[in-house]
Amino acid sequence: MNRLLFILSLFVSVCFIPKLTAAPIPLDLSVTASNSFASDSIPGFGAVNHNSTLSILLGGVLSQSTVIDTAVTGGNPLTGQLTTLDDGIAINTNLLAGADSLAEGYFFDFNFALQNNSLTNAYLLSFVLLFDNLTSASGLDAFAESKILLFDDSNNEFFFSDLATDTLFGDQKNGTFTGTSGVTQSDNGSFGFDILLGAGAASSFRGELQLVGQEFINSGSFAANSFANVSLSAVRSLNTPPQQLPLPATGWLFLLGLFFLAQRQLRKLP
């Protein structure tokens, strides 16, 4: 029932989003994003099926690349400067493997570089992460692990979703053993965070997605699915009163995030 309510809430959100143009980012503020499939990823061994989609939204224009195992079609990285609110990046990745298979590591990186070029204005930038994470495994000795991580400009981790399904050694959710073995683990939701940029200041943050897994004795399978969507939701000047403008539309990348989340939740329903 909770999953059904979650799905219904997503579709209600989409239906009632106002059809307005996203507000532009101030001209003296530079926000550059990049989204990539990491070069140190390792091709799968055995019956491994991995496919992913990388997305970037710049000025309301969506660009995408696809990954099959470790082969990328399209730009890698996808990069550019955000120009309107709700611009950002998304990664949707899926891993499914059968008996006697090894996924030693599929890795994804995204980065945001922020620069305030004003000599007088300070800005507060608000970002939103939509995430959906899932692992599963079956058989006597198989595991899958999926991580979504965020780091600040000092490389301090400030968000993580870390799941592991392990049929032999036990399942974990965000660093805690669940007391089960071989049970599907899931984690989803949203996470908002702010970054303050003083006059002339710069900052950054980055993120990682990681998928690994293995089936050891030719009698099981494993799977991992991960989705992350990071967008710039608001910019506020701290030196001038806020303008009385209508709220911006959430943008196509946010809609894409809702669509992917709804798809994943539908697949989880019995």
K.L.:
Do the two ring centres, one from Phe193 and one from Phe158, sit under 6.0 Å apart?
P.N.:
yes
K.L.:
Among Asp187, Thr93, Asn133, find the one that has a side-chain hydrogen bond (donor to acceptor under 3.5 Å, both in side chains) with Ser146.
P.N.:
Asn133
K.L.:
In Å and rounded to the nearest 0.5 Å, what is the CG to CG distance from Leu196 to Asp194?
P.N.:
9.0 Å
K.L.:
Are the side chain of Asn35 and the backbone of Ser55 linked by a donor-acceptor contact shorter than 3.5 Å?
P.N.:
yes
K.L.:
Are Phe107 and Ile68 co-members of a hydrophobic cluster defined by side-chain heavy atoms under 4.5 Å apart?
P.N.:
no
K.L.:
Can you classify the ring geometry of Phe37 versus His50 as parallel (below 30°), tilted (30 to 60°) or perpendicular (above 60°)?
P.N.:
parallel
K.L.:
Is Leu78 reachable from Val72 through a run of hydrophobic residues whose side-chain heavy atoms are each under 4.5 Å from the next?
P.N.:
yes
K.L.:
Begin from the C-alpha positions of Asn155 and Arg206 and carry the test side chain to side chain contact (heavy atoms under 4.5 Å, CB included) through to its verdict.
P.N.:
CA-CA 8 Å; Asn155 210 34; Arg206 67 180 185 88; 2.6 Å; yes
K.L.:
Provide the closest heavy-atom pair for Ser221 versus Ala97 in the form atom of the first, atom of the second, distance.
P.N.:
CB-O, 3.2 Å
K.L.:
Is it the case that the side chains of Asp69 and Tyr106 hold a donor-acceptor pair, with the cut-off being a distance below 3.5 Å and no angle test?
P.N.:
yes
K.L.:
If I take atom NZ from residue Lys147 and atom OG1 from residue Thr135, how far apart are they, to the nearest 0.5 angstrom?
P.N.:
12.0 Å
K.L.:
Can you check whether Ser231 reaches Leu57 side chain to side chain, under 4.5 Å on heavy atoms?
P.N.:
no
K.L.:
Short question: side chain of Asn239, backbone of Ala122 - any donor-acceptor pair under 3.5 Å?
P.N.:
yes
K.L.:
Where do Asp28 and Ser118 come nearest, in terms of heavy atoms and distance?
P.N.:
OD2-CB, 3.2 Å
K.L.:
Indicate, with yes or no, if Leu211 and Phe143 share a hydrophobic cluster defined by side-chain heavy-atom contacts under 4.5 Å among Ile, Leu, Val, Met, Phe, Trp and Tyr.
P.N.:
no
K.L.:
Is a side-chain donor or acceptor of Ser101 paired with a backbone partner of Ala99 at a separation under 3.5 angstrom?
P.N.:
yes
K.L.:
Donor-acceptor check, side chain of Thr53 to backbone of Thr66, threshold 3.5 angstrom: yes or no?
P.N.:
no
K.L.:
Tell me if the CG atom of Leu140 is crowded by more than 12 foreign heavy atoms within 6.0 Å.
P.N.:
no
K.L.:
Glu145 and Ala224: which non-hydrogen atoms are nearest, and at how many Å?
P.N.:
O-CB, 4.4 Å
K.L.:
Roughly how far, to the nearest 0.5 Å, is CG of Asn188 from OG of Ser161?
P.N.:
8.5 Å
K.L.:
With side chain to side chain contact (heavy atoms under 4.5 Å, CB included) as the criterion, how do Phe127 and Leu114 come out once you've worked through the C-alpha distance, each side chain's angles and the decisive distance to 0.1 Å?
P.N.:
CA-CA 12 Å; Phe127 292 87; Leu114 321 174; 3.9 Å; yes
K.L.:
Please say yes or no: joined through hydrophobic side-chain contacts below 4.5 Å, possibly via intermediate residues, are Val31 and Leu85 part of one cluster?
P.N.:
yes
K.L.:
Just verifying a value: how many Å separate Leu29 CG and Leu232 CG, rounded to the nearest 0.5 Å?
P.N.:
8.0 Å
K.L.:
With respect to Ser226, which candidate in Ile148, Leu134, Asn94 satisfies the side chain to side chain contact (heavy atoms under 4.5 Å, CB included) definition?
P.N.:
Ile148
K.L.:
Given 3.5 Å as the limit, does a donor-acceptor pair link the side chain of Asn174 with the main chain of Asp162, or not?
P.N.:
yes
K.L.:
Report whether Phe151 and Leu197 are members of the same hydrophobic cluster (ILVMFWY, side-chain heavy atoms less than 4.5 Å apart, transitive linking).
P.N.:
no
K.L.:
Could you give the distance from CG (Leu168) to CG (Asp141), rounded to the nearest 0.5 Å?
P.N.:
4.5 Å
K.L.:
Which atom pair, heavy atoms only, marks the closest approach of Gly198 to Asn116?
P.N.:
O-ND2, 2.9 Å
K.L.:
Passes side-chain hydrogen bond (donor to acceptor under 3.5 Å, both in side chains), Ser36 versus Asn76? Steps please.
P.N.:
CA-CA 5 Å; Ser36 64; Asn76 188 42; 4.7 Å; no
K.L.:
Keeping the roles fixed (side chain from Thr167, backbone from Gly139), state whether a donor-acceptor pair exists under 3.5 Å.
P.N.:
yes
K.L.:
Can you tell if the side chain of Ile195 reaches within under 4.5 Å of the side chain of Asp153, non-hydrogen atoms only?
P.N.:
no
K.L.:
Go through the steps to decide whether Leu82 and Leu58 satisfy the test side chain to side chain contact (heavy atoms under 4.5 Å, CB included), and finish with yes or no.
P.N.:
CA-CA 5 Å; Leu82 281 58; Leu58 302 172; 3.9 Å; yes
K.L.:
Sub-3.5 Å donor-acceptor pair from the side chain of Asp87 to the main-chain atoms of Gly59, do we have one?
P.N.:
yes
K.L.:
Can you tell me how far apart CD1 (Ile89) and CZ (Phe108) are? Round to the nearest 0.5 Å.
P.N.:
11.0 Å
K.L.:
Is a side-chain N or O of Gln185 found less than 3.5 angstrom from the main chain of Val183, in a donor-acceptor match?
P.N.:
yes
K.L.:
Applying ring pair (Phe, Tyr, Trp, His ring centres under 6.0 Å) between Phe131 and each of Phe160, Phe159, Phe191, Phe227, report the one that passes.
P.N.:
Phe159
K.L.:
Please check if the side chain of Glu215 supplies one atom and the backbone of Gly220 the other of a donor-acceptor pair under 3.5 Å.
P.N.:
yes
K.L.:
Could you tell me if the side chain of Gln210 sits less than 4.5 Å from the side chain of Leu149, heavy atoms only?
P.N.:
yes
K.L.:
Other residues, nucleotides and ligands only: do more than 12 of their heavy atoms fall within 6.0 Å of CD on Glu104?
P.N.:
no
K.L.:
Would you name the heavy atoms of Thr184 and Ser136 that are closest together and state the gap between them?
P.N.:
OG1-CB, 3.4 Å
K.L.:
Does the side chain to side chain contact (heavy atoms under 4.5 Å, CB included) test come out yes or no for Val48 and Leu102, once each step is laid out?
P.N.:
CA-CA 7 Å; Val48 174; Leu102 170 64; 5.9 Å; no
K.L.:
Between Thr176, Thr180, Thr165, which is the residue that forms a side-chain hydrogen bond (donor to acceptor under 3.5 Å, both in side chains) with Asp171?
P.N.:
Thr180
K.L.:
Write down the atom of Ala144, the atom of Phe222, and the distance for their closest heavy-atom approach.
P.N.:
CB-CB, 4.0 Å
K.L.:
Using only atom types and a distance under 3.5 Å, with no angle test, would you say the side chain of Ser126 pairs donor to acceptor with the backbone of Ser233?
P.N.:
no
